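Shown next, in structure tokens, is the structure this report addresses.
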Amino acid sequence: LSLLPTMSADARHRGDRSSASPTSDAPSPITEASNPLSAQLDCGTALDLVEALAAVDDELFYGPSPAFWSSNSSATSSSSSSDPLLFPHVRSSGILRRCAELSSLIADCLRSIDNTSTPSTPTPTPTSTPTTTTTTAPTTLTAPTTTTAAASSRTGIVFTGCGTSGRIAFLCARAFNRQLRAAARPPTAECFHYLIAGGDQSLVLSQELPEDDPNAGVRDLTALLDARRRRTEESLPTHAGSTKARADDTTHTSLNVAATQQFDRWILVGITCGLSAPYVMSQVQYALDDPERFVGVALMGFNQASMARNVPVEGWSLTCSDVVQAVVRAEMENSTRSQQVFLINPAVGPEAVTGSSRMKGGSMTLILLHLCCGKAIADLLGEPCQVVKEDTDGPELVGKNHTLLALLKSFELASRAVYAQKKSIALAVEAAAHSLRNDGHVYYVGDGSLGLLGMIDSSEMYDTYGLHFLTVRGFLNGGWTAAEIASGDLTEEGTLFRVDISHFVEEIMPELTTNDTVVFSCLGSHTEHPKLFELASRLQADECCKVFVFAFVDRSGDINSIATTTTITTQTTTPAIDISGSRARQVLLSSVELPLSCSVRSLSSYAQLAAKLVFNAITTGAAVFKGLVLGNTMINLGISNNKLFHRAAATIMRFCKVSEDQAHTALLRAIYDCDQVSKQIRAQPISAHLVVATPKPQVLPLALLLCGSSTIACSVAEARQQLAAQPMVRRALQAALLSKGT
């Protein structure tokens, strides 16, 4: 791909990003940088940690803090750090304009489907991979009031991502389809789809390796397109017990009726926080090459275009940077193209835990999808929305076309509502940390989207902190049936996939100890979630574990009325929960008051962000106080994909002050359990190293010890002994690094 010209002054004025192709001295990705606001994350109390997370999450809405720009010159080496147009945050005019244009395109597609009673004859599927050259001009998709072209086609929207991005893609696709079903819009009720690297199993079992496979990305995308073309030719499952079609389940019956809809046009929204996932990038390139079928292509990430990963990808002729530059070029031609292309990449600042994109990256993904698609759905349904001004308790009617900026303010207020409960969250952090330090467990139990968010948070603990898959788990009322995943019931896949509340009651509750923590979550009061409150009451009566209930309510909710009708005692002040002794005698019921909205759909959107922030804080804090974070750097991450391999090497270089070659040598020694790295091992591709590294625990701590002290870690065996003697990884590393004087 050719180099792009320097961006014009007019483009800068519009808020467009720099389009210069990255070079070897390109600035370091913001998503991989250390955040100065959380540099001492492991040095204070649980309350200190929650307050640091609050400060970092403020950057979601206003961009990186001045402290970051002043302490990370590499991120601004190619441009002025004082020019916000070169690093636009989500409130900037350029980012909001792109969100509005994508939302408008989605709304047009929803209206065209809503006004079409029967599906059109789909365009024949190409038999080979499309190229950038087309012989027939594609049909322009517009609102049905201005042309009949859109009314003659049916457009599906697909979100795709890896890891947390893919899990949030699933969560939002499910939420938007449910909103349309609830509004009695059957034609549009199944137009939102999702893809996640590794398939639906990745919702609970972290599978990072598929992120590096561009061919898998294209296979998954084409399989989805073909399936949605053939759906009407296939009979629906009717066998007893099927989770896809049950006569006694009206929700899922309607889901399958809607699933017979077919689509001949698509909007692809690819999500990769660091602009670094080949799985997603290959799909974006595939869509760019086929404007006949893909009327819209959006790429979401949180680095600048020049920061996209520009390293060779095994089995692919392109790099992630190549695709990003192709998106930038195509976006510049939107006014003359029928295919509309968007690069939506607000700067959200570095993560609280360096590189942990499950946190702010996942949160901004959720916000952006709700901004673009939630607004499109509200426009389709003609629903007004109420938000609350920052300086008043009264609602402000934003009107029929409620602006993205006003909705964004409501998400900001939801974030503030979470951290208004910082003392309650800190108590949950302390309890969860006690559980992890004493070989206990943390369990999330919830309904609907909040239950799913608990499962999502749990799934991220292995790759982020190296925790065993069963240490942190999530359970959902209704299990896989309520989850509404494309693969159906996964219960028989293994213990980790037994996620129904009944499994929690039958298999977990009898084994609970005082070293375990259970976190319940719900949107609303006990009358709406009787099963959850009943379980919390039973656990309180048994005094067998620590129990927390987070109730997410609107401003009219009365937390006292919730408490007085159950056996749970509301704490009006922060209670002293015993997290060190033999009994747990209190249940903390915390109310998180969300921004007032006259739309239940909007309230659910805010609750999803709020619950995610709470869960992220609990597990992050627990990992920090277990000693799995040094400063704000994760030091026990699983080495399971290309990104994590390079992150591990960079961590070794940073803390041990060694060269890249020395860092790679230490990492390979830890992976292969050898004191000398052979030429054969060095010649292997990274993918081969990942196969060996993925199932191994404590690879990075071992490598850090091998580099950290010549006296403590002169061999792999001695380094392992050091880790075994000091299970607090942070303390073992600090001792090694101090002995070397680094």
Side-chain angles (χ1 to χ4, degrees), residues 7 9 12-18 20 25-44 47-96 273-275 301-307 344-357 359-365 367-368 390-391 405 408-409 411-416 418-420 422 609 613 616-617 620 624 629 631-633 650 654:
M7 186 173 60
R12 288 197 300 270
H13 180 71
R14 292 195 308 267
D16 292 331
R17 75 279 302 149
S18 172
D25 60 350
S28 302
I30 295 177
T31 55
E32 294 292 321
S34 174
N35 197 318
L37 298 179
S38 59
Q40 304 299 319
L41 201 62
D42 62 339
C43 296
L47 185 59
D48 293 332
L49 180 140
V50 175
E51 289 175 342
L53 295 183
V56 172
D57 281 336
D58 273 347
E59 296 179 321
L60 283 168
F61 306 99
Y62 297 97
S65 68
F68 168 72
W69 296 126
S70 63
S71 62
N72 288 266
S73 59
S74 63
T76 59
S77 60
S78 61
S79 59
S80 171
S81 62
S82 62
D83 187 352
L85 294 180
L86 297 180
F87 297 90
H89 53 71
V90 72
R91 306 171 78 94
S92 67
S93 58
I95 296 297
L96 287 177
C273 294
L275 300 179
F302 311 114
N303 282 323
Q304 295 306 296
S306 60
M307 298 175 179
I344 302 177
N345 59 334
V348 299
E351 297 288 355
V353 176
T354 305
S356 182
S357 57
M359 301 179 74
K360 280 198 298 188
S363 298
M364 182 52 75
T365 297
I367 291 171
L368 289 176
E390 183 177 358
D391 56 351
L405 191 58
L408 187 60
K409 169 57 74 174
F411 278 107
E412 180 185 354
L413 293 175
S415 175
R416 293 187 182 184
V418 166
Y419 291 112
K422 60 184 179 181
L609 175 64
L613 296 179
N616 285 170
T620 297
V624 167
V629 173
N632 61 0
T633 301
R654 174 187 171 193

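Because the structure is predicted, anything quoted here is derived from the model rather than measured.
For the residue pair Tyr419/Glu51, the side-chain donor-acceptor check at 3.5 Å is not satisfied. Side-chain atoms of Gln40 and Asn632 form no donor-acceptor pair, as typed in the model, at a separation below 3.5 Å. Side chains of Asp57 and Ser363: no donor on one and acceptor on the other come within 3.5 Å.
A distance of 12.5 Å separates NE2 of His89 from CZ of Phe61, quoted to the nearest 0.5 Å. Distance check, rounded to the nearest 0.5 Å: CG of Asn616 to CG of Leu53 gives 8.5 Å. Note: Glu32 CD to Met307 CE = 11.5 Å, rounded to the nearest 0.5 Å. One finds the CG atom of Asp48 at 11.5 Å from the CG atom of Asp42 (value rounded to the nearest 0.5 Å). The line from CZ of Phe302 to NZ of Lys360 is 10.5 Å long, rounded to the nearest 0.5 Å.
Residues Thr633 and Val353 form no side-chain contact, since every pair of their non-hydrogen atoms from C-beta on lies 4.5 Å or further apart. Residues Val348 and Cys273 form no side-chain contact, since every pair of their non-hydrogen atoms from C-beta on lies 4.5 Å or further apart. In this structure, Asp58 and Glu412 have side chains that are not in contact, with every pair of non-hydrogen atoms separated by 4.5 Å or more. No side-chain heavy atom of Thr31 sits under 4.5 Å from any side-chain heavy atom of Ser357. The shortest side-chain heavy-atom distance between Arg91 and Leu408 falls under the 4.5 Å cut-off.
Scanning both residues, Ser34 and Arg654, for their nearest heavy atoms gives OG-NH2, 3.8 Å. Residues Leu275 and Gln304 approach most closely at CD1-O, 3.7 Å, considering heavy atoms. Looking at every heavy atom in both residues, Leu49 comes nearest to Ala617 through CD2-O, 4.3 Å.
With Asn345 as the fixed residue, the side-chain contact (heavy atoms from CB on, under 4.5 Å) test singles out one of Ile30, Asn303, Val90, Ile95: Ile95.
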